[in-house]
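To start, the structure itself, in structure tokens.
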Protein chains: 2
Amino acid sequence: MAKAKRILKWQRDPEGMRLRILEAAKQEFAAYGLAGARVDRIAAAAGANKRMLYYHVGNKEDLYLEVLEGAYEKIRAEERTLDLEHLDPPDAIGRLIDFTWNYFLRNPEFLALLNTENLAKAKHLKRSTKVKSMHSPFVEMIRTVVTRGVESGDFRVAVDPVQLYISIAGLAFFYLSNSATLSVIFGRDLLKKEARDERLEHMIALVLAALTGKSTAAFVGMPALQSLEHRVV
Amino acid sequence: MAKAKRILKWQRDPEGMRLRILEAAKQEFAAYGLAGARVDRIAAAAGANKRMLYYHVGNKEDLYLEVLEGAYEKIRAEERTLDLEHLDPPDAIGRLIDFTWNYFLRNPEFLALLNTENLAKAKHLKRSTKVKSMHSPFVEMIRTVVTRGVESGDFRVAVDPVQLYISIAGLAFFYLSNSATLSVIFGRDLLKKEARDERLEHMIALVLAALTGKSTAAFVGMPALQSLEHRVV
DNA sequence: ACAGTATTTATCCAACGGGTTAATTTCGGC
DNA sequence: GCCGAAATTAACCCGTTGGATAAATACTGT
């Protein structure tokens with residue numbers, strides 16, 4: 001966590017301060033939820049005085065909403081860099097699953113923030129004009145991929161793209177978001193490398209088998225697939 | 001919420017009081033999370049004096065753990081009544097999905113409690129000897145169903161039962177737990193009757209298509225399946 | 001009856017936590 | 001150089017909240 005630079009007494013840095021506050025707030029809200037988050041801790045982590053939060057952003061809920069909006073903006077931005085258009089339909093779906101999985105892995109705070117917001121019954125999201133205008137490009141992407149797949153004969157059947165999107169997200173989200181309790185229940189560490197690889201393989205195999213009708217690696221015991229993801233953004 | 005009976009002054013009812021406290025606590029923790037829950041609200045909802053919580057259960061965290069344990073006990077009890085053994089493998093999987101879906105629908109607090117516990121990185125669950133000894137019968141159930149399915153030729157491939165269980169739970173859990181934010185994002189009410197029916201159909205079709213290799217209703221546009229669930233417990 | 005214990009009520013309080021007030025310091029423009 | 005707005009700090013306010021104390025009341029066994 002970047003500490004405030006105090007060369008002599010202090011320096012002005014409004015933009016930097018704002019960013020540090022939002023980053024600290026993201027970590028805090030992700031770690032403790034909205035009610036559990038502490039304004040003082042955010043300020044301390046940001047290397048700021050508590051008063052700064054109110055000066056630069058607003059009260060706790062404003063801060064929370066801004067963090068949430070930022071989280072959505074970030075994933076939407078990355079989603080847009082994925083162009084599934086010129087991939088083979090099965091590859092496109094595999095890539096989508098791979099991206100979703102790795103995005104969640106790389107951004108665990110995003111999962112926690114979504115859970116927090118759902119606990120609040122999306123109260124803040126509903127008020128956010130910003131987020132509502134950022135519709136995910138995925139649904140249309142998926143729709144065209146599915147259509148292409150059906151036309152080419154790669155896919156046996158058409159699926160509602162919203163259902164498919166929720167399914168793919170759900171397969172990844174639940175595993176990661178609930179890894180703590182699941183690891184206790186099943187008595188094995190679901191976050192260790194091998195377990196993560198196995199999970200990705202399973203998800204891709206499950207979805208592709210359903211769509212194409214052909215079995216793939218995880219279902220017939222082949223070695224793990226290489227992750228398709230490269231650095232995005 | 002059952003109010004304390006005050007016929008004349010007050011009556012003793014330790015067991016009833018305890019149950020009312022736990023029920024009220026469950027609702028409160030599910031609605032606000034651990035940090036957001038208020039001890040006074042729990043007491044009020046239970047028709048009890050706040051002191052009773054500490055007398056009958058313990059402090060806030062003890063109360064929370066007891067609620068969590070109760071939630072696990074309840075689902076495990078219902079799970080045990082489902083015997084998938086003498087069903088056709090595909091029917092058994094369908095029934096499992098149907099049960100999971102409807103259990104989550106009937107017990108939304110369970111979803112919220114799990115999320116809360118995962119936010120706490122399963123800290124309480126780890127300490128609970130009670131929960132750790134209550135393993136879900138599903139994993140073994142699924143293992144034998146899958147084996148039978150492969151032997152009978154109904155299923156093309158063997159799957160790790162833990163992966164399959166997590167996938168089935170995830171398909172249902174994510175949809176329901178995140179229905180608030182997803183409904184905003186997609187601009188449609190995911191909890192209305194038709195949407196719920198459609199989701200169940202989709203989940204069953206997805207998993208069975210992957211396992212059996214045959215397309216089913218949702219994938220070819222047939223009318224909705226009837227829910228298989230009957231009252232349990 | 002009555003003694004003793006279990007259960008419940010009525011208050012209280014110290015710490016916490018979000019938010020505010022007011023004073024201080026930096027720095028760009030003139 | 002210096003003025004005024006912007007940025008930052010320090011200190012405080014005050015309602016909330018988890019938890020505690022102590023007194024009152026109901027029930028049980030004898």
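Protein chains get the first letters and strands the later ones, always in sequence-line order, with residue 1 at the start of each. What you see is a predicted model, and the numbers here were worked out from it, not measured in a lab.
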Between P of dT26(C) and OH of Y55(A), the distance in whole Å: 16 Å
Applying side-chain hydrogen bond (donor to acceptor under 3.5 Å, both in side chains) to D160(A) and not counting sequence neighbours gives R188(B)
Nearest-Å distance for atom pair CE/P, residues M17(A) and dT25(C): 17 Å
Atom CE of M52(A) to atom C1' of dA11(D): distance rounded to whole Å? 14 Å
Any chance the side chains of R196(A) and S179(A) put a donor and an acceptor closer than 3.5 Å? no
For nucleotides 17-23 of chain D, give me one character per nucleotide, 5' to 3': B if any protein heavy atom sits under 4.0 Å from the base, S if the only such contacts are to the sugar-phosphate, - if neither. SBB-BB-
How many whole angstroms separate atom NE2 of H56(A) from atom P of dT8(D)? 4 Å
Atom pair distance, as rounded to whole Å: CZ in R41(A) and P in dG19(C): 15 Å
Using atom CZ of R12(A) as one end and atom C1' of dT8(D) as the other, report the distance to the nearest whole Å. 9 Å
Between S136(A) and R80(A), is there a side-chain donor-acceptor contact under 3.5 Å, judged purely by atom types and distance? no
Hey, are R76(A) and E73(A) close enough for a salt bridge, meaning a charged N less than 4.0 Å from a carboxylate O? no
Atom CD of E15(B) to atom P of dA6(C): distance rounded to whole Å? 14 Å
Between Q27(A) and E109(A), does any side-chain donor sit less than 3.5 Å from a side-chain acceptor? no
Length of the line joining L53(A):CG and dA7(D):C1', which is rounded to integer Å: 14 Å
Sequence neighbours excluded, the answer for side-chain contact (heavy atoms from CB on, under 4.5 Å) partners of T181(B) is Y72(A), E117(A), N118(A), A122(A), L125(A), N178(B)
